[in-house]
Amino acid sequence: MGISTESQFHVLAVDDNLIDRKLIERLLKTSSYQVTTVDSGIKALEFLGVHEDDQSNPDIPSVFPNTHQEVEVNLIITDYCMPGMTGYDLLRKIKESSSLRNIPVVIMSSENVPSRISRCLEEGAEEFFLKPVQLADVNRLRPHIMKTKPKDQHEDKQENKEEELGKPEFQSREEKEQQQQQQHHHLQQQHSNSNKRKALEEGLSPDRTRPRYNNGLTTVV
Amino acid sequence: MDGVAQLQKQLVDFTDSLFQEGFLDEQFNQLQQLQDESNPDFVVEVVSLFFEDSERLLNELAKALEQKTIDFRKVDAHVHQFKGSSSSIGAQRVQKVCIAFRNYCEEQNIEGVKPWHRCLKCLQQVKLEYSLVKNKLETLFKIEKQLIAAGGSIPT
């Protein structure tokens, strides 16, 4: 398990449940990501530097040039069922923000509701994990996170990626995974027809290579 | 090394029984997998958080059910939390009674039908299963502690 070379990927985890925050933090750290956990969608947006008022006027930049440091976030993983702002609401806000829409978002939920899953994927979520989230799920984050980094950094990661995929998976997960994969495959087929989103990705990808602040801090709010 | 071997056997047998009796499920194994030299107390930490949080939720639930007019959405929200955390640590029997409780709460969102005494029974079941698993886990941790103190290591 690498330490310093992997510390560049930063994941923001959002969950109102204390135990789940502890668990997701450990899962992500085990996979060598830097982690920040917050307990609400509003706090997540604050952390990301988004102010609610900006959303209404597209001409005003959504992210204030802050006096405090901005930390780059490479992936957001959020619970679906949260009081106030749900994970879905948060997903929408992120996708509506010109500065944040390219950050991959993953949704977690304890409930297996196909319509919920497809709604999230259609709104732009990369993955939908059923809780309790396990190491096998976290391993699936890597390809999404790697899309946000410039290509020449991918070589270092390849080795570690293979190493992590070799981690043992448990028999009893098979059923759950098969079900998830079936749904996911079906939904991916629908999803891949969404040309609008693809165009967005292609159009904006050069911007992602522009270096941003990365002070390597891990913070827990 | 007899003492160590004995304690190890005790630990394995006890853990097996917890799985067989449904107190714990696969998710508990997952937690143990996340424990290593850099995080040697992870399982105890998460479970301790679970105990604290559960006690808070049980108090909230008792309060909510004491109200003249029960806010079932509030009750449901608390049970949902409890269901979530018990599922996350692998406390299977607690999770199951939470699910039953929630189903019951959903049924009760019918105008004029609010038999709170049955909700109270649901709460009692959750309380019971919770105290059972708490007891079991505390025993488990005690054996582990004894094993380590005797110079042994926890079998993986």
Side-chain angles (χ1 to χ4, degrees), chain A residues 1-3 6 13-33 35 37 39-40 78-84 86-87 108-113 129-139 164 166-177 218 220, chain B residues 19 22 24-57 60 71 73-92 94-96 98-99 102-103 106 130 133 137 156:
Chain A
M1 244 180 282
I3 305 165
E6 296 289 343
V14 191
D15 200 316
D16 63 317
N17 187 304
L18 178 63
I19 284 84
D20 287 346
R21 278 201 302 282
K22 174 102 179 161
L23 183 58
I24 194 70
E25 181 188 50
R26 184 80 204 107
L27 283 166
L28 292 166
K29 281 188 170 164
T30 293
S31 308
S32 304
Y33 298 121
V35 187
T37 60
D39 64 6
S40 73
T78 178
D79 188 27
Y80 183 94
C81 284
M82 295 188 291
T86 66
M108 311 178 272
S109 177
S110 54
E111 279 145 347
N112 188 351
V113 181
F129 293 161
L130 288 177
K131 281 177 154 185
V133 177
Q134 298 179 349
L135 217 45
D137 298 309
V138 174
N139 289 340
E164 283 180 15
K167 285 203 173 112
E169 298 192 8
F170 297 91
Q171 284 295 340
S172 59
R173 283 282 291 163
E174 252 181 20
E175 235 177 67
K176 198 162 143 185
E177 277 192 345
T218 299
V220 177
Chain B
F19 280 87
L24 297 177
D25 65 22
E26 169 56 27
Q27 180 59 19
F28 191 76
N29 281 331
Q30 292 284 315
L31 290 188
Q32 291 175 316
Q33 290 289 317
L34 291 172
Q35 184 162 286
D36 58 23
E37 308 79 48
S38 64
N39 279 267
D41 301 314
F42 178 68
V43 180
V44 171
E45 282 168 14
V46 183
V47 173
S48 302
L49 273 180
F50 172 70
F51 290 161
E52 274 173 43
D53 204 52
S54 300
E55 262 134 59
R56 177 188 65 87
L57 286 169
E60 293 294 324
D71 183 348
R73 280 192 331 177
K74 216 176 189 177
V75 172
D76 185 71
H78 290 317
V79 181
H80 172 79
Q81 285 279 309
F82 210 152
K83 185 195 103 179
S85 24
S86 55
S87 158
S88 293
I89 68 149
Q92 192 184 64
V94 177
Q95 186 190 358
K96 285 194 171 149
C98 285
I99 291 171
R102 282 193 87 200
N103 289 339
E106 275 170 26
Y130 167 70
V133 81
L137 287 168
T156 44

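Residue numbering restarts at 1 for every chain, and letters A, B, ... go by the order of the sequence lines. No hydrogens, no waters, no symmetry mates; every other heavy atom, side chains included, goes into these values.
Distance CG/B:L34 to CG/A:L27: 5.0 Å, rounded to 0.5 Å. Within the model, atoms CD of B:E52 and CG of A:L18 stand 8.0 Å from one another, a figure rounded to the nearest 0.5 Å.
For the pair A:S110 and B:K83, the minimum side-chain heavy-atom distance is below 4.5 Å.
Partner of B:S88 under the side chain to side chain contact (heavy atoms under 4.5 Å, CB included) criterion, out of A:V133, A:I19, A:N17: A:I19 alone.
Across all non-hydrogen atoms, the minimal contact from A:K22 to B:L49 is CD-CD1, 3.6 Å.
By the 4.0 Å N-to-carboxylate-O rule, B:R102 lies close enough to A:E111 to be salt-bridged with it. Under 4.0 Å is where a charged nitrogen must lie from a carboxylate oxygen, and between A:R26 and B:D36 at least one such pair does.
The choice from B:V46, B:N39, B:D53 that makes the most heavy-atom pairs within less than 4.5 Å of chain A is B:N39.
Looking only at atom types and distance, the side chain of B:Q27 has a donor-acceptor partner in the side chain of A:Q134 under 3.5 Å away.
With a threshold of 4.5 angstrom between heavy atoms, A:D79 does not approach chain B through any atom at all.
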